[in-house]
Amino acid sequence: EGSEAAFVYSKQGSIVMNGGEVTGKQSSTNPNITEYVCLSSGATFTMSGSANPHEIEMGSTTSITINGALTGNNQIKLVFSEYAESTQPVLNVTYDGGLIADVVSHFTAGNAEWYIDENGYLKKAPIGIWINPGNTVNGDGSATNPYNTISNVTDYMTSGDYTIHIVGTLESSYISDIKTEIYKLRNNSNVGVILDLSGASIETLAGDCFDNCKNLKSITIPASVTSISGSQMFRYCEGLAEINVDDGNSKYKSIDGVLYEMKDNALYKLWRYPTANEGDSFTIPDGVKEIGYSAFRDIKFLQTLTISKNVNEIDHYAFGGCKKMTTFIVDDENQNYSSEDGILYNKNKKTLVRYPTAKEGTEFTVPTYVESLYNCAFSECLKLETVNIHDGVSMENTVFQSNTVIKNVTLPSGLTTIPSSTFHGCSSLEKIVIPGGVTTIESQAFQQCSGLTEIIIPASVTEISINAFYYISGS
């Protein structure tokens, strides 16, 4: 500890350095290096503080742990010792507990901002990128010869799954560059991308940073991320099967590939269920209290969702575009929601929250005990053609939005307003009778109802907002 040594050698033993230097002995592989450690098979070597030999010769089963800062330009050369008993040594190197290299005759992996270059030096770089399998067209693209830019790294990908490892400190704008590269593959369904950011340092993922990355199959979010705010972050990620989070992250967590937000060290919000998860049923963990915006957006295979007892808030856009969703089940102990015949209601069933998008049947009559329809209650349904709504029921915005199969809707008397985007995108809607007493038709209420041929508007209507009937038949 804090001392000098002329030569350090271990034969199936262990050496611990805490500060100090190795001096006075020339390397067998480089006579110009005078600070080095020679380790044989079975030996272990631990450095901490400012300990810094310039070269480490390794045996076939050497284990090296480096805790603390490296000096000497942040590099140590790693070479295979003349004493190694094997022609294919196996090396495990860690830095502050994180795996840097797992070597079977060559270096193949890295961690954090550290990598091993083609000359065997352990180095720190602002950004390092390597791909498995490596890029043989535009450089090696492996941990021994990483890129320093993401540009064009997907150009050679033709078939199979490729893991892209990115390490170093990333600006938020860099995520857009990653998206651009993955997006370039969108017309080649034979390529899958596994994006490993576990070694990167970035605090925020925002906006639509992975929107429309159809080839993205898996992503690992690093420990450094403290804010995920992009509501459309994984929209149209058709191949996304899992979202992983580095174990060191205290704000977000992944369980079986599903992304959650934490609060007070406990599950709080289901942030995103991956689009291509192949399970046909899913139960929300008991600790979850919120289901977020687009949490189950465009899910391909999920048919039955069980909502646990502690869920007290569900975003109205949580279930848009679910391809096979037929059934909601709510835990009897839940004090905020209930279900009947697979349909999601609030606890006393006075509000119809969500009709399953793929539920069988072409016609539905709203039960007499229902008093209101929640936002997106019937949006994007795949089979529902006719809905009958009894008098006195109120409606929030977007109730039928993007329901391209709905043809007939009986609106209730008692309405005073047709809310914004109520029928936006209902391209199969043929005729609508607006009940007497309605005074206002809000913006985009019937926008893009391209099949609408007859509209009956009562004398009570005094205001029609901009774009209320934009792009309907004949306009």
Side-chain angles (χ1 to χ4, degrees), residues 129 131 149-166 170-197 200 202 204-222 225 227-245 252 254 257-259 270-278 292-302 315-325 357 376 379-380 382 398 401-404 421 424-425 427 448:
I129 302 164
I131 298 172
T149 176
I150 191 70
S151 298
N152 303 320
V153 299
T154 62
D155 288 358
Y156 77 99
M157 297 180 180
T158 56
S159 181
D161 292 342
Y162 296 82
T163 300
I164 302 178
H165 305 268
I166 301 180
L170 308 181
E171 299 293 334
S172 58
S173 59
Y174 197 85
I175 299 297
S176 296
D177 296 334
I178 299 172
K179 172 185 173 179
T180 297
E181 281 302 305
I182 300 176
Y183 181 73
K184 286 159 62 174
L185 297 166
R186 65 192 182 281
N187 294 321
N188 186 351
S189 60
N190 294 320
V191 173
V193 173
I194 299 167
L195 181 61
D196 182 5
L197 299 176
I202 185 171
T204 301
L205 296 177
D208 59 352
C209 58
F210 297 108
D211 176 37
N212 214 14
C213 289
K214 296 180 179 180
N215 301 76
L216 184 63
K217 297 183 70 173
S218 172
I219 183 172
T220 300
I221 296 170
V225 170
S227 175
I228 299 177
S229 58
S231 60
Q232 306 291 352
M233 182 171 298
F234 298 111
R235 183 178 61 170
Y236 306 137
C237 290
E238 299 174 357
L240 187 61
E242 60 179 8
I243 304 169
N244 300 309
V245 180
Y252 298 96
S254 174
V258 180
L259 177 62
L270 194 154
W271 212 96
R272 193 61 161 93
Y273 185 95
T275 311
N277 184 307
E278 294 183 351
Y293 186 94
S294 293
F296 291 88
R297 175 75 196 172
D298 295 326
I299 303 305
K300 288 183 176 182
F301 304 109
L302 189 63
D315 190 277
H316 68 276
Y317 207 55
F319 305 108
C322 292
K323 303 298 188 293
K324 294 186 177 182
M325 181 79 77
T357 50
C376 297
S379 71
E380 299 184 73
L382 302 175
T398 65
Q401 185 179 44
S402 300
N403 187 331
T404 58
S421 297
H424 186 173
S427 55
Q448 293 183 317

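In the displayed structure, Lys179 atom NZ is contacted under 6.0 Å by more than 12 heavy atoms of other residues, nucleotides or ligands.
Listed by chain and residue number, nothing satisfies the salt bridge (Lys or Arg N to Asp or Glu O under 4.0 Å) test with Lys300 (two or more places apart in sequence, or in another chain). For Lys323, the salt bridge (Lys or Arg N to Asp or Glu O under 4.0 Å) criterion is met by Asp298, not counting sequence neighbours. Remark: Arg272 engages no residue in a side-chain hydrogen bond (donor to acceptor under 3.5 Å, both in side chains) (not counting sequence neighbours).
The heavy-atom pair separating Asn188 from Thr158 by the smallest distance is ND2-O, 3.1 Å. The shortest non-hydrogen separation linking Ser379 to Thr398 is CB-O, 4.1 Å. The minimum heavy-atom distance linking Leu216 with Leu195 is given by the pair CD1-CB, 3.9 Å. Annotation for Leu197 and Pro222: closest pair O-CB, 3.0 Å, computed over non-hydrogen atoms. When all heavy atoms of Leu185 and Thr154 are compared, the pair lying nearest together is CD2-O, 3.8 Å. Pairing each heavy atom of Glu242 with each of Pro274, the nearest pair is N-CB, 3.9 Å.
Aromatic ring orientation, Phe319 versus Phe296: parallel (interplanar angle below 30°, classes split at 30° and 60°). Relative orientation of the Trp271 and Phe234 rings is perpendicular, given thresholds of 30° and 60° on the angle between their planes.
In this structure, OH in Tyr293 is found 6.0 Å from NE2 in His316, a value given to the nearest 0.5 Å. Atoms CD and CE, from Glu380 and Met325 in turn, are 12.0 Å apart once rounded to the nearest 0.5 Å. How far CG of Leu382 is from OG1 of Thr404: 7.5 Å, rounded to the nearest 0.5 Å. Atom CZ in Arg297 sits 8.5 Å away from atom SG in Cys322 (nearest 0.5 Å). Here the CD-CD distance, from Gln448 to Gln401, works out to 9.5 Å after rounding to the nearest 0.5 Å. Atom CD1 of Ile175 sits about 7.0 Å away from atom CD1 of Ile166, to the nearest 0.5 Å.
Lys184 has its side chain within reach of Asp155: a pair of non-hydrogen atoms, C-beta onward, lies under 4.5 Å apart. At a threshold of 4.5 Å between non-hydrogen side-chain atoms, the residues Leu259 and Ile221 count as touching. Looking only at side-chain heavy atoms (C-beta outward), Ile182 and Lys214 stay at 4.5 Å or farther from each other. Tyr174 has its side chain within reach of Asp177: a pair of non-hydrogen atoms, C-beta onward, lies under 4.5 Å apart.
At distances below 3.5 Å, at least one donor-acceptor pair connects side-chain atoms of Ser254 with backbone N or O atoms of Ile243. Panel note: side chain Tyr252, backbone Ile228; a donor-acceptor pair is recorded below 3.5 Å. The main-chain N or O of Val191 is found under 3.5 Å from a side-chain atom of Asn215 such that the two form a donor-acceptor pair.
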Candidate pair Asp211 and Tyr236, rule side-chain contact (heavy atoms from CB on, under 4.5 Å), full reasoning
CA-CA 6 Å; Asp211 176 37; Tyr236 306 137; 3.7 Å; yes

